[in-house]
Amino acid sequence: MDRERVPRLLLAGNPNCGKSTLFNALTGGHAKTGNWHGVTVGVCERRMRLGKGRAVLADLPGVYDLASARMEETVTRRAVEEGGYDGAVVVADALALPRSLPLFYQVRARAPRTVLVVTMADLLRRRGGFLDEKKLSALLGVPVMCVNARSPRDIRGLRAFLEENVRAPSPRALPPVHDLAGAWSGGRQGESRAERFLYRPYVALPLFFFTLLAVFFLAFAEGMPGAFCKERLQSLLSVRWGGRLAAWAEGRGAAPAAVGFISALFSGAGMLLSFLPQIAVLYFALVVMEESGYMSALAFMADGIFRKAGLTGRAAFSVLMGFGCTAAAVLATRGLESRRAQRRAVLILPFISCSAKMPVYLALVSAFFPHPFFALCVIYFGGIALAFAAALLTKGRGEEETVAEIARLQLPSLRHAFKSLLFYCKQFIIKVATAVAAVLVVLWFLLSFNFSLRYVGEGGGSMAEALCRGLRFLFVPMGISDWRVALSAFTGLIAKESVAGMLALFYGADLSAAMDARSAAAFTAFIMACPPCVSALVASARELGARRALLYAAVQAGAAFLLAYAVYAALCFGMAFCLPAAASAGALPIVKKKIERKRREKIDRRRGDDAAGSHRQPLRAGVVRSAPPAQGKGSARERRAHGGKRFAAAGGRSRVFYHAQGRGAPLLRRRIRG
Amino acid sequence: MTAVAAGEEAAARLRLLNVSAGAKIRLVRRAPFGGGFLLEAGGVRLSVSRSLAGRIYVREEKDG
């Protein structure tokens, strides 16, 4: 072989086996990899390092069978048959190795030197299967190597492997085998004892409930690691650093606005970052549960209950997280099956009372009601009922047809969990905390400056106060006319705990100056249903896009006010109010059906072809992502980016063609009868 | 298993999880409260919603 000529290698394999990921890893490029069929069309060639020199690697389109007449197959077949290369690398997915065999044999028949590279071996192990490289190599008659495309160490090994084999003499071809017994197994058959035990309804659900309680306890209870770290961090940032810096600035004669800003900034940062230990505890528990397959079990068992509300089992986990922290729960909705399911889950999550609402409830309840525990139970279950009702109300037409792999129960890898945790914390700080900090600055500005932009600080007369003097009219139907209550509720945007703080600031422990018992009940209902704090809003904006998140917040605010009015009216007027209210509530489903009929004429957009590759995503809560990142925010942007995609209506009754230039408006509408 | 009468996307997903015409699948358990089914096919465990499960046509085989 001519030493000066750069060796050329072909990379072939089934669609979606991680071939392009491997290609990028070997060549250091960023060619587009995707989850749908036909992403790599045409041959992409790039140089790669091979030993001391270089080689050219050609990424062929993924095909199952060279004999078929489709475009990708033809391109690949031509590339393989034309020659002009030194070796062929067939990439196979360990999870479905037998499916890759036909292509492998076809390539080997035409190519002088063929090697087999197997990816996703770690996923195979998770499924209970195994792969023996040496035995497989002996069976197939070619060198075989297992590679994890995301591990740099494996890629280095792969380079060495390729270098060694590209110049080696080609081995004699063995007759094709179809039975890989001894070398490969697709997965353990049957259930283990632990699985048989866990997958009983009377075991799984109570066990999960207690596990969650334990996790919340670890995160939020006094004296436990979560709360402890929170206190320390907050006092460090807000009091020590913020206080000292503010005092120094004041000593230097800085304007009171600047001093106020500094102390507000640090106390805000302290509050935000003090969230982090508790969220980290929650997240870590979730990752461990997911990696061990526990979460799969829960989603499967709870699926039945959640389907009655129009959600699926995967949502169970987000809903339960919502009892701890709405923001974290919203972030966890990533794993839901479809964008539509995710939207509905994010819509109903704020109705579930997060732990930050507890101080507010306690303040209101202990001031007015003789049996706080009972009242709290009513509040929490009310929230659940409200969430359920909201889910039912927004329930779509068809049932989500889900099929997903269920992970095996196994010991999780703690190292992987920690790595994932670090990554998540970093993401949280970068994405969520910065946005929240920006909003907090704006809110501080509104709270400290009056309309002539002069600093008033705590003094009064700020813009927020003027705003709330106006807003208090919204609270009048609840029997509350004091603007200071409106201001407290407004600060609930920052953090729900601050509502309690502000109320205490204005009135102390005795709230009867602000409201009577019935108004307190109405106000509690309001807090129960009102939009979540800014962290959760930012999380919603990240998941659904800013416009939709704000829309949902507005809807929740409206619902909260209406609910509060209804509670107050019910308490004041008794049956005279309840009967007509119940009647109109009964009319609601009828109205909804009418709206549904109108909607049926519109187009229901589905996500693009996400079938391929989904077999590698086991039923998980969405906390850990191994797949490539999600598509862009909002379907409008999606459409512009992937111009010319086809979207089928639900039920397949009409096909609408979108074009990027058409800004998403349908160009053609063709109705397919039948 | 004899056939799947579901939409293209669902059928493709099922095929990737070893559930296609001619494949051997086993019903492992039913989810409570009217949920889906846990199937096993070729070493892969998958959950299938009730509506989708209704569209998978199987022929029963007695194994020894």
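Quick note on labels: first sequence line is chain A, next is B, and so on, each numbered from 1. Note that these values count all heavy atoms, side chains included, but never hydrogens, waters or copies made by symmetry.
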Is it the case that over 12 heavy atoms from other parts of the model lie below 6.0 angstrom from the CZ atom of B/Arg30? no
For A/Phe388, the ring-ring contact (aromatic ring centres under 6.0 Å, His included) test, sequence neighbours excluded, returns none
Any residue meeting ring-ring contact (aromatic ring centres under 6.0 Å, His included) with B/Phe37, in chain and number order, not counting sequence neighbours: none
Check whether B/Val48 gets within reach of chain A through its side chain, its backbone, both or neither, counting any heavy atom under 4.5 Å. both
Residue part contacting chain A, namely of B/Leu39, when any heavy atom lies under 4.5 Å: neither
Test item: B/Arg45 and A/Ser296 side chains (from C-beta on) under 4.5 Å apart, heavy atoms: no
Are any of the side-chain heavy atoms of B/Val28 and A/Tyr199 separated by less than 4.5 Å? no
Which pair of heavy atoms, one from A/Phe300 and one from B/Ser47, lies closest together, and at what distance? CD1-CB, 3.7 Å
For A/Arg307 and B/Ser49, which heavy atoms make the closest approach, and how far apart are they? NH2-CB, 3.4 Å
